[in-house]
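Please read the structure below before turning to the comments.
Any value given below was found using the heavy atoms of this structure, including those in side chains, with hydrogens, waters and symmetry copies removed. Numbering of ligands and ligand atoms starts at 1, following listing order.
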Amino acid sequence: MDEEAQARVDVWKYAYGFDTMRVVKCVIELGLPDVLENHGSPMTLSQLSSAVGCPETSLYRILRFLTHNGIFKKLGNSTEDPASVSYAQTPLSRLLTRDNMGPFVLLQAGPPGQQFGMSAKDLKAGKGSGLEAAPSEDIIWMGDVDAAYDKLFQEFLACHARASTKAIIDYCPEAFQGIGCLVDVGGHEGTAVGMLVKAFPWIKGINFDRPEVVAEAPPIDGIEHVGGNMFESVPKADAVMLMWILHDWSDSMCIDILKKCKEAVPPETGKVIIVEAVIDEEGGDEHTGAHLALDMTIMAATVNGKERTAKEWGQLLDAAGFSRHTIKHMKAIESVIEAYP
Ligand SMILES: C[S@@+](CC[C@H](N)C(=O)[O-])C[C@H]1O[C@@H](n2cnc3c(N)ncnc32)[C@H](O)[C@@H]1O
């Protein structure tokens, strides 16, 4: 594998470095290292959840991320006997108690209230647990952002689209053979579908996003911008692409989106191409660290979004009525899931 492709994977470690700090800060605030230290022996998820007052589902995601990074240790085998799983201190987590280095790390993480989207208070209130009320509209937590931050966020989306689409073109060109018309649902300003049409010139592209987003999108050769709401209907095409969309939403909202995408493609020949992370919880692979850090970002930045395992993707696609799907991994943090009606 060439150095450039490896660098495209490694850069996520720096991009998500801040998430490690943010999550470590939350667990110190929750008092998790102190609870384990005072208990004196490993504790189950349910014991930890009641001790720190944070729902099990979100605490599971946080511990999955932290154990991967050597902060806390997971004991037992979750596949063979989930009830046997418990969590223990490591030399690193022992340093994070309040009477050790905990206050030092808290201070370095910045004053309370200045951490984007996630604090111990948020977690105790149910953040990341899927238990919060369904949001009415926007799911991205942007807080009180100014125009400069908003501009940076738009640039971040374009930068993501460029990096991921380059990987798709390099590692998954076969997914685009035989597609006459492709609609990119939630395609923002059309960066991804514009690159795909250039690489695979037999495709006519539609960039579909909220009306206010496509109104600002620049004209792109071979691309029609269409405004609308993916929860109501999706433009008809041979194939639909959903890149970095579903991880923003709860399972039930993903199923609604997927059903609309399925309706938009021909039942015999159509497909939905999902470009998202696929977490490997068991063995772990070279991308697992970035996937789990991304899960923490999504937990902080959305109401009910999450990164998913292959099993969870299969459950969503089954529930939305797809007959089969394949998953292709790339040298990138996303994989390509092709789902057939
Ligand atoms: C995280 S961005 C992903 C952008 C792009 N696909 C990428 O991978 O970089 C999510 C996109 O979904 C769009 N979106 C959110 N709600 C939508 C809706 N109800 N209908 C259509 N698009 C929507 C947003 O405007 C935004 O452009």
Within the 4.0 Å heavy-atom shell around Leu157, which atoms of ligand 1 are there?
1 (C), 2 (S), 9 (O)

d(Glu56 CD, Leu59 CG) to nearest 0.5 Å is 8.0 Å

Can you name the atoms of ligand 1, numbered from 1 with element, that are less than 4.0 Å from a heavy atom of Trp244?
1 (C), 3 (C), 8 (O)

With a 4.0 Å cut-off on heavy atoms, does Ser164 reach ligand 1?
no

Does Lys121 pair with Glu29 as a salt bridge, N-O distance under 4.0 Å?
no

By the side-chain hydrogen bond (donor to acceptor under 3.5 Å, both in side chains) test, which pairs, at least two apart or in different chains, include something from residues 316-329?
Glu174-Lys328, His329-Ser335

Less than 6.0 angstrom separating the ring centers of Phe200 and Phe176, yes or no?
yes

In ligand 1, which numbered atoms sit nearer than 4.0 Å to a non-hydrogen atom of Ile245?
3 (C), 10 (C), 11 (C), 12 (O)

For Asp248, take its heavy atoms, then give the atoms of ligand 1 lying under 4.0 Å from any of them.
1 (C)

Counting only heavy atoms not in Glu216, do more than 12 sit closer than 6.0 Å to its CD atom?
no

Check each heavy atom of Val275 against ligand 1 and say whether those closer than 4.0 Å belong to the side chain, the backbone, both or neither.
neither

Which ligand 1 atoms, with their elements, are less than 4.0 angstrom from a heavy-atom of His188?
27 (O)

